[in-house]
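To start, the structure itself, in structure tokens.
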Amino acid sequence: MDRPSIKTELPGPKAKALIERDARVVSPSYTRGYPFVMARGSGAIVEDVDGNLFLDCAAGIAVNSTGHSHPRVVAAVREQAENLLHYSASDFYLPIYSDVCEELDRIAPFSGGARTFLTNSGTEAVEGAIKLARYATGRQYVVAMIGSFHGRSYGSVSLTASKAKYHAGFGPLLPGVVHTHFGDFEHLEQVVFARLIPPEEVAAIVVEPVLGEGGYVFPPEGWFAYLRELCDRHGILLVADEVQSGMGRTGKMWAIEHEGVEPDVLLAGKGIASGMPLGAIVAREAVMTWDVGAHGSTYGGNPVACAAALATLELIEGGLLDNTRDVGELLLKGLRDIQARRPEIVDVRGRGLMIGIEFEQAQTMHAVEQAAFHRGLLVLGAGDSVIRMSPPLVFRPDQAETALQVFADAVADVVGR
């Protein structure tokens, strides 16, 4: 299908009942953008429990890279599940675990040897990277970016600086974390290193090549080259958090490849296994030198998740990268055409299928997000006033054209024709 089909009011009767049950039994900490209750999906189309069909431009927060229930991913999961569901790679050898590590080492965006540690999620990869950086350098401080999002477990949320609410009530956070400005060529040296911490005591600079939760913000030209030179000068590790921007999302396997620099450590998650729980720390061989027992995971690199990852990578390299670039260009052009007619939209930016539409006012953005949902288009907010479009990498040109029309109608619903 190429378009939504809404048959009931939203939420429908079954969805309402499930939302009421959810409110009674589930942690109240989750932020639900709108009352969508998922039942099943295929490709870029999802169906709620009342039979309404939606065009998915959220992809489970950029997770369902190969679309929903891709037949080759499902077949890989099924075959692995029939043979082995779990055995811990921390204490035993799993061939499929090393298969995934070998593939990730092969596509690592840096020269020389690589080694990989598999986790259950992106935030676990960030936690492990903090430990690894401190261990490998013998230094204590970690620098992160204002506007960044790295997760909500303790070390990760200490790096996260996209919203103050993520820190509220949880202090003190991890010591030794200092923040600077994303894309700034002066603050890091003139303030952080000159006034706050000496660079020779900094273990790592952890940075998203594209700010995700912070609003799909892209770095200025030359900034990553500046960071790379700074890290080389002071012996600091450059850690690229590609949990949201990696696995083909921007039209290259890794977003940092657009910048022409090599990180020392790369973190992956979200789209790495098409929705199965998996993350990864991929580091230069000279960096991943921690001792036996220094780090481990009972479930990280689960065989079923690994099978999904191998199928996902094969699909991305087998044509989805090209599709991401082509359909991404179509979406960008169409969204910029809408922007030209709508002064309420102040910017449209993106690479591949990682696209941000920034509104003049946050209130307008939230209203458009809701209007799009009621028309059958799933998008999500980010930053202060940005709607992000991050559809599956299987998104077709006809579906992109439909998404543009529905989005334009949703904007008109809010600001007028």
Side-chain angles (χ1 to χ4, degrees), residues 1-8 10-12 14-15 18 32-82 244 247-249 269-278 304-328 330-331 352-355 372-380 388-407 410:
M1 296 188 66
D2 68 343
R3 62 188 58 252
S5 176
I6 306 301
K7 304 173 182 177
T8 72
L10 296 177
K14 292 181 181 178
L18 287 164
R32 271 59 181 267
Y34 33 74
F36 173 68
V37 183
M38 178 82 162
R40 60 177 180 161
S42 177
I45 297 290
V46 291
E47 183 178 3
D48 76 359
V49 292
D50 291 290
N52 297 301
L53 299 177
F54 297 79
L55 191 56
D56 188 4
C57 280
I61 318 180
V63 169
N64 300 102
S65 51
T66 61
H68 297 277
S69 301
H70 193 289
R72 284 166 63 180
V73 176
V74 170
V77 167
R78 182 182 295 116
E79 181 181 356
Q80 179 59 50
E82 289 173 349
Q244 185 159 178
M247 298 308 295
R249 171 62 48 194
K270 286 190 181 290
I272 192 173
S274 294
M276 294 297 290
L278 190 69
V304 180
C306 283
L310 292 173
T312 298
L313 182 57
E314 187 176 293
L315 287 163
I316 291 173
E317 292 189 308
L320 292 187
L321 275 178
D322 291 336
N323 187 70
T324 298
R325 288 190 288 267
D326 294 343
V327 179
L330 192 160
L331 274 175
L353 291 173
M354 190 171 190
I355 299 171
F373 165 67
H374 283 275
R375 284 184 169 273
L377 178 68
L378 303 184
V379 293
L380 283 173
R388 52 183 149 178
M389 279 198 179
S390 56
L393 309 189
V394 296
F395 212 49
R396 303 194 311 260
D398 60 325
Q399 293 172 328
E401 295 287 1
T402 299
L404 290 168
Q405 183 58 60
V406 177
F407 185 77

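It should be emphasised that the depicted structure is a prediction, and the values quoted were computed from it without experimental measurement. Residue numbers run from 1 in the order of the sequence given.
Ring planes of Phe373 and Tyr34: parallel class, angle under 30° (limits at 30 and 60°).
For the atom pair CG (Leu393) and CG (Leu321), the distance works out to 7.5 Å, reported to the nearest 0.5 Å. To the nearest 0.5 angstrom, Gln399 atom CD is 11.5 Å from Glu401 atom CD. From Glu47, atom CD reaches atom CG of Asn52 across 8.0 Å, with rounding to the nearest 0.5 Å. Atom CZ of Arg40 and atom CG of Leu53 lie 8.0 Å apart (nearest 0.5 Å). Rounding to the nearest 0.5 Å places OG of Ser274 at 6.5 Å from CD1 of Ile316.
Of all heavy-atom pairs spanning Phe54 and Leu377, the tightest one is CD2-N, 4.4 Å. In this structure, Ala305 and Ala273 approach most closely via the heavy-atom pair O-CB, 3.8 Å. Across all non-hydrogen atoms, the minimal contact from Ala59 to Pro391 is CB-C, 4.0 Å. The two atoms that bring Val394 and Leu320 nearest to each other are CG1-CD2, 3.8 Å, heavy atoms only. Nearest heavy-atom pair, Ala311 versus Ala76, reported as atom, atom and distance to 0.1 Å: CB-CB, 3.9 Å. Heavy-atom minimum distance, Ser390 versus Ala62: OG-N, 3.9 Å.
Arg3 pairs by the salt bridge (charged side-chain N to carboxylate O under 4.0 Å, His left out) definition with nothing, not counting sequence neighbours.
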Legend entry - Check against side chain to side chain contact (heavy atoms under 4.5 Å, CB included), Lys270 and Arg249: CA-CA 10 Å; Lys270 286 190 181 290; Arg249 171 62 48 194; over 6 Å; no

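The shortest side-chain heavy-atom distance between Leu404 and Leu331 falls under the 4.5 Å cut-off. Considering only heavy atoms from C-beta on, Met247 comes within 4.5 Å of Leu313 through its side chain. By the 4.5 Å heavy-atom criterion applied to side chains, His70 and Thr312 are not counted as neighbours. With a 4.5 Å cut-off on side-chain heavy atoms, Thr402 and Pro4 count as touching.
Side-chain atoms of Arg388 do not come within 3.5 Å of backbone N or O of Ile355 as any donor-acceptor pair. Side chain of Asp50 to backbone of Lys14: a donor-acceptor contact under 3.5 angstrom is found. Of the possible donor and acceptor atoms, one in the side chain of Asp48 sits under 3.5 Å from a partner among the backbone N and O of Gly51.
Counting heavy-atom neighbours within 6.0 Å of Glu317 CD, excluding the residue itself, gives a total above 12. Shown here is Ile61, whose CD1 atom has no more than 12 heavy atoms of other residues, nucleotides or ligands within 6.0 Å.
With Phe395 as the partner, the side-chain contact (heavy atoms from CB on, under 4.5 Å) test is satisfied by one option alone out of Asp56, Thr324, Leu55: Leu55.
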